Amino acid sequence: MMNREQIKLLAIIAMTVNHTAFALVPKGTMLYEIMLDIGYLTAVTMCYFLVEGYYYTRSKVAYMQRLLIVALISQIPYTLALGLKQLNMLFTLLICFVVLLVMDKVKPKILMITLVCILFCMTYYCDWAFKAVAFTVLFNVTYRQKQSFIIPYSAVFFIQFTLSLYGYMQKNTILWSVVFAFGSAFGIMVSGYLIIKKYNGKCADKHKSIWKWLFYIYYPAHLLLLWLLKI
């Protein structure tokens, strides 16, 4: 069995592989595609832990402040290292956290749905636009109702596979499009296996504060390092 920090560490490694492909590996190569696909483990895993963190955190305001501060610090290294003209993933997670807040606190259902839809649209300029909010909503509904995560993970896999298949079919044969689309969704299968079968629901026994801040420090630090390697 694995604790929360061990799974997060795997997600961070996968993210680093993905970002390294963006920054340093020639696009269109098989190595680039493989490294890119490995990173798809990360976003869905972080969406799950964001939901869990929402219900465990002592201060939701402090949680949002941490996400916002690190997102702001990371934006310039993110743009320089990856060459992407969009807001980084921590901005996306911040919006997803607000979605959780709305789903939890806003009682009139029509108002809640309206606000979630607005937040959904706000991710247009963010990394993992739209999908991260959809994944977060699926995990949150399941988490609150104490249901199995097999159904939301299956839905997440289907969403990722379908969207990737459509994108790849614009420039590849059907066979290769299916192969590449499955590769892009494979990380979601791995994430589902880790969360459903291997996660013990506990955090690390030792160095809790170090683990907590390690994740926030690593994100901008690894982007800065990739930018330096890139130049």
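These numbers come from a predicted model, not from an experiment.
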Regarding K131 and the six-membered ring of W128, is the cationic atom NZ or CZ under 6.0 Å from the ring centre and inside 45° of its axis? yes

Please examine the side chains of V99 and M103, heavy atoms only from C-beta on, and report whether any two atoms are closer than 4.5 Å. yes

In the single-linkage hydrophobic clustering (I, L, V, M, F, W, Y; side-chain heavy atoms under 4.5 Å), do F97 and L68 co-cluster? yes

Any heavy-atom pair between the side chains of M15 and Y219 that's under 4.5 Å? yes

So which heavy atom on A11 is nearest to which on M46, and how close? CB-CE, 4.1 Å

Decide yes or no on side-chain contact (heavy atoms from CB on, under 4.5 Å) for Y55 and R144, but give the supporting numbers first. CA-CA 9 Å; Y55 291 102; R144 292 172 69 175; 2.9 Å; yes

How are the rings of F186 and F182 set relative to one another: parallel (under 30°), tilted (30 to 60°) or perpendicular (over 60°)? tilted

Same cluster (ILVMFWY, side-chain, under 4.5 Å), M64 and I95: yes

Could you give the distance from CE (M89) to CG (L67), rounded to the nearest 0.5 Å? 10.5 Å

Chi angles and distances behind the side-chain contact (heavy atoms from CB on, under 4.5 Å) call for T45, L194: CA-CA 9 Å; T45 304; L194 293 174; 5.9 Å; no

Near I150 CD1, under 6.0 Å, is it more than 12 heavy atoms from other residues, nucleotides or ligands? no

Any side-chain heavy-atom pair of L41 and S191 under 4.5 Å: yes

If every non-hydrogen atom of N18 is compared with every non-hydrogen atom of G39, which pair is closest and at what distance? CB-CA, 3.4 Å

OH/Y40 to OG/S164 distance, rounded to the nearest 0.5 angstrom? 6.0 Å

Do the two ring centres, one from Y48 and one from F135, sit under 6.0 Å apart? no

So do the side chains of E52 and R4 get within less than 4.5 Å of each other, counting heavy atoms only? yes

Looking at CG of L119 and OG1 of T114, how far apart are the two atoms once the value is rounded to the nearest 0.5 Å? 11.0 Å

In terms of side-chain heavy atoms, does N140 have a donor or acceptor partner in Y54 at a distance below 3.5 Å? no

Should we say atom CG of L84 is surrounded by more than 12 heavy atoms from elsewhere, each under 6.0 Å from it? yes

Measuring from L94:CG to T123:OG1, what's the distance to the nearest 0.5 Å? 12.0 Å

What are the two closest non-hydrogen atoms of L90 and S74, and how far apart are they? CD1-OG, 4.4 Å

Looking at every non-hydrogen atom in both residues, tell me the closest pair between F22 and K27 and how far apart they are. O-NZ, 3.7 Å

Please verify the inter-ring angle class for Y199 with F49; under 30° counts as parallel, over 60° as perpendicular, anything in between as tilted. perpendicular

Starting at CD1 of I13, measure out to OG1 of T42 and round the result to the nearest 0.5 Å. 9.5 Å

Heavy atoms of I188 and V44 approach each other most closely as CG1-CG1, 4.0 Å

Let's go through L165 and M169 carefully: what are the C-alpha distance in whole Å and the side-chain angles of both, what is the deciding distance for side-chain contact (heavy atoms from CB on, under 4.5 Å) to 0.1 Å, and is it a yes or a no? CA-CA 6 Å; L165 181 62; M169 285 184 66; 3.9 Å; yes

Ignoring hydrogens, what is the shortest heavy-atom contact between S148 and T142? Give both atom names and the distance. O-CG2, 3.1 Å

Working for side-chain contact (heavy atoms from CB on, under 4.5 Å), residues W176 and Y168: CA-CA 8 Å; W176 278 111; Y168 282 119; over 6 Å; no

Other residues, nucleotides, ligands: >12 heavy atoms within 6.0 Å of L72 CG: yes

Contacts of R66 that satisfy salt bridge (Lys or Arg N to Asp or Glu O under 4.0 Å) - sequence neighbours left out: none

Between Y216 and W213, how do the two ring planes meet: parallel, tilted or perpendicular, split at 30° and 60°? tilted

At what distance, to the nearest 0.5 angstrom, does CE of M2 lie from NZ of K197? 15.5 Å

Answer with yes or no whether the hydrophobic clustering places L80 together with Y78; edges join I, L, V, M, F, W, Y residues whose side-chain heavy atoms lie under 4.5 Å apart. no

Have Q86 and Y124 got a donor and an acceptor in their side chains that come within less than 3.5 Å? no

Is any side-chain heavy atom of L50 closer than 4.5 Å to a side-chain heavy atom of F139? no

I'd like to know if L223 and Y125 are part of one continuous hydrophobic network [Ile/Leu/Val/Met/Phe/Trp/Tyr, side-chain heavy atoms within less than 4.5 Å]. yes

Charged tip of K198 within 45° of Y193 ring normal and under 6.0 Å: no

